[in-house]
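See below for the structure under consideration.
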Amino acid sequence: MSTADRPEWTPESWRSRTALQQPDWPDESELESVLKNLAEVPPLVFAGEARALMGDLGRVANGEAFLLQAGDCAESFDSFSANSIRERLRVILQMAVVLTYSTGVPTVKLGRIAGQFAKPRSSPTESVDGTELPSFRGHMVNDIGFLASARIPDPQRLMQAYNQSAATLNLLRAFTKGGFADLRRVHQWNQEFVSSSPEGRRYERLADEIDRAMRFMGACGINTETVPKLHEVDFFTSHEALVLGYEEALTRKDSLTGDWYDCSAHMVWIGERTRGLEDAHVEFFRGIANPVGCKVGPTMTPSEIVELCEILNPGKVPGRLTLISRMGSEAVAESLPPLLEATRDAGHPVVWACDPMHGNTFTSPSGRKTRHFDAILQEIAGFFAAHRSAGTWPGGVHVELTGDDVTECLGGAEEILDDDLGLRYETMCDPRLNGRQSVDLAFRVAELLRGDDNGGAVAAG
Ligand code: PEP
Ligand code: CO
């Protein structure tokens with residue numbers, strides 16, 4: 001069914017469709033009262049900001065910018081602090097400088113942050129030692145503790161998610177506009193990474209080149225005092241808009257354009273498990289005017305992806321739709337090219353981003369859910385190669401990371417081994433790259449883009 005054949009969209013029209021992965025709220029009336037409150041609170045983001053991001057993503061779709069979408073798999077109510085937000089932002093800024101230099105185009109910075117509180121699960125229940133409980137679905141829904149009481153969905157958590165998102169956004173706005181993101185400072189952090197760590201030394205040449213470029217700019221009178229743009233950055237927020245009642249409650253009509261915006265984040269995406277064309281998530285997303293994303297795994301077909309583009313972006317607006325490929329390092333070479341060709345041939349201006357995390361998760365012999373740094377890098381390399389063949393622009397990367405020194409993903413230059421995973425395995429959901437692995441990854445991607453690793457350079461589209 002194309003957009004033209006669908007009944008009129010309203011913020012609640014998703015309710016007549018199948019909504020997968022929704023919590024089993026025990027008390028409908030309590031849920032309704034929280035949603036009613038949420039419908040009255042101030043928006044977290046503004047329509048004009050979402051439009052600015054759409055413009056930036058439009059440049060990505062046209063091959064004139066690169067997208068870095070990154071942050072936690074699942075944000076936590078418990079480990080919520082200024083430090084953890086600052087460290088996550090710091091890593092993202094460091095990665096962005098390396099990517100900007102190596103791509104030669106602006107990096108659009110989009111956090112998985114300030115709203116990433118709901119998780120889809122492959123199984124509705126979890127069993128430990130013969131006890132079966134409902135699965136943990138993210139702090140917006142229930143708690144992670146393995147207790148029957150902790151796993152009961154609590155609608156008050158929706159309000160707490162809103163409040164924590166507001167506080168997080170407030171800090172992000174202060175950090176990104178208040179001097180923390182100063183280019184010279186971010187470059188200094190990268191220099192520290194290069195000089196102080198074994199994994200960093202490999203990138204001395206690249207860091208020196210960036211340093212020379214900055215000194216050249218300085219000699220020409222371009223510095224962080226004369227050009228305010230170098231002193232602050234635009235930083236946007238995004239999350240998987242999974243719990244549709246919450247998203248609907250934060251959806252507001254923009255007084256300027258009359259369009260509906262989901263004001264819970266600048267960009268929202270549909271997960272791999274909830275992207276059915278006739279289902280509730282696609283229905284909700286088609287009517288909001290934000291830039292939107294959809295995860296794309298190996299079961300996606302060429303005709304389905306074109307139909308998805310028609311439903312979500314009938315006007316073929318560049319920047320409106322980001323397709324986030326998550327094929328797995330083994331499958332990417334085979335699964336991605338037919339999809340790139342299908343969207344290209346249908347004339348759809350999509351942003352293609354590579355999520356090299358979710359197709360590469362496995363349980364290690366020690367029993368922890370993990371990912372290997374090499375598989376992550378290999379999927380990105382496969383993504384670039386597929387775009388090179390299709391003549392399309394590899395628009396960006398989407399990664400799960402933290403600024404903290406966790407041991408959740410294997411490998412990387414500091415060579416985290418299976419036995420090390422238990423040292424600081426802190427994630428509530430999927431394994432994240434730690435701060436050093438993340439910056440390491442940005443340098444490795446830079447090498448791929450420049451062809452330094454003999455993988456061949458990526459042609460700008
Ligand atoms: C995620 O991004 O955390 C996630 C669950 O991804 P996917 O929908 O691609 O499995
Ligand atoms: Co995840």
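Positions are given from 1, in the same order as the sequence printed here. Counting starts at 1 for both ligands and their atoms, in listed order.
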Legend entry - Any Arg112 heavy atom less than 4.0 Å to ligand 1: yes
Inset, instruction - Starting from atom 8 (O) of ligand 1, find the nearest protein heavy-atom neighbour and note its residue, name and distance. - result: Glu272 N, 2.8 Å
Inset, instruction - Answer yes if the ring centres of Phe117 and Tyr246 are under 6.0 angstrom apart, and no otherwise. - result: no
Legend entry - Distance filter under 2.8 Å, centred on the Co ion (ligand 2) - protein N, O or S atoms that pass it: Cys73 SG, His358 NE2, Glu400 OE2, Asp430 OD2
Legend entry - Phe193 six-ring centre to Arg436 NZ/CZ under 6.0 Å and within 45° of normal: no
Inset, instruction - Considering only non-hydrogen protein atoms, determine which one is nearest to atom 3 (O) of ligand 1 and report residue, atom name and distance to 0.1 Å. - result: Lys119 NZ, 2.7 Å
Inset, instruction - Can you pull out the closest protein heavy atom to atom 6 (O) of ligand 1? Residue, atom name and distance to 0.1 Å, please. - result: Lys295 NZ, 2.8 Å
Legend entry - Per-atom contacts of ligand 1 with Gly271, taking only distances under 4.0 Å to non-hydrogen atoms: 8 (O)
Legend entry - Distance from atom 9 (O) of ligand 1 to nearest protein heavy atom, with residue and atom: Arg326 NE, 2.7 Å
Legend entry - His358 versus Glu379, side-chain donor and acceptor atoms under 3.5 Å: no
Inset, instruction - Could you tell me whether a side-chain N or O of Asp355 sits under 3.5 Å from a main-chain N or O of Met357, the two making a donor and an acceptor? - result: yes
Legend entry - Electrostatic pair Arg202-Glu447, nearest N-O below 4.0 angstrom: yes
Legend entry - Side-chain donor/acceptor of Ser16 to backbone N/O of Ser13, under 3.5 Å: yes
Legend entry - Contacting atoms of ligand 1, where contact means under 4.0 angstrom from a heavy atom of Pro120: 5 (C)
Inset, instruction - Quick one: look up the protein heavy atom nearest atom 1 (C) of ligand 1 and list residue, atom name and how far away it is. - result: His358 NE2, 3.0 Å
Legend entry - Ala74, portion touching ligand 1 at heavy-atom distance under 4.0 Å: neither
Legend entry - N/O donor-acceptor pair under 3.5 Å between Arg151 side chain and Gly145 backbone: yes
Inset, instruction - Taking the six-membered ring for Trp and the full ring for Phe, Tyr or His, determine whether the centres of Phe285 and His281 are under 6.0 Å apart. - result: no
Inset, instruction - Tell me, with the steps shown, if Trp269 and His239 meet ring pair (Phe, Tyr, Trp, His ring centres under 6.0 Å). - result: CA-CA 6 Å; Trp269 77 85; His239 62 259; 7.3 Å; no
Inset, instruction - Using distance alone, determine whether His398 and ligand 1 share an N or O pair under 3.5 Å. - result: no
Legend entry - Ring-ring centroid check Phe180 Trp189, cutoff 6.0 Å: yes
Legend entry - Heavy-atom donor-acceptor pair, Arg121 side chain to Pro134 backbone, under 3.5 Å: no
Legend entry - Structural part of Met357 in contact with ligand 1, heavy atom criterion under 4.0 angstrom: neither
Legend entry - Those atoms of ligand 1 less than 4.0 Å from some heavy atom in Glu400: 1 (C), 2 (O), 3 (O)
Inset, instruction - Return yes if some donor-acceptor pair links the side-chain N/O of Asn190 with the main-chain N/O of Gln94 below 3.5 Å, else return no. - result: yes
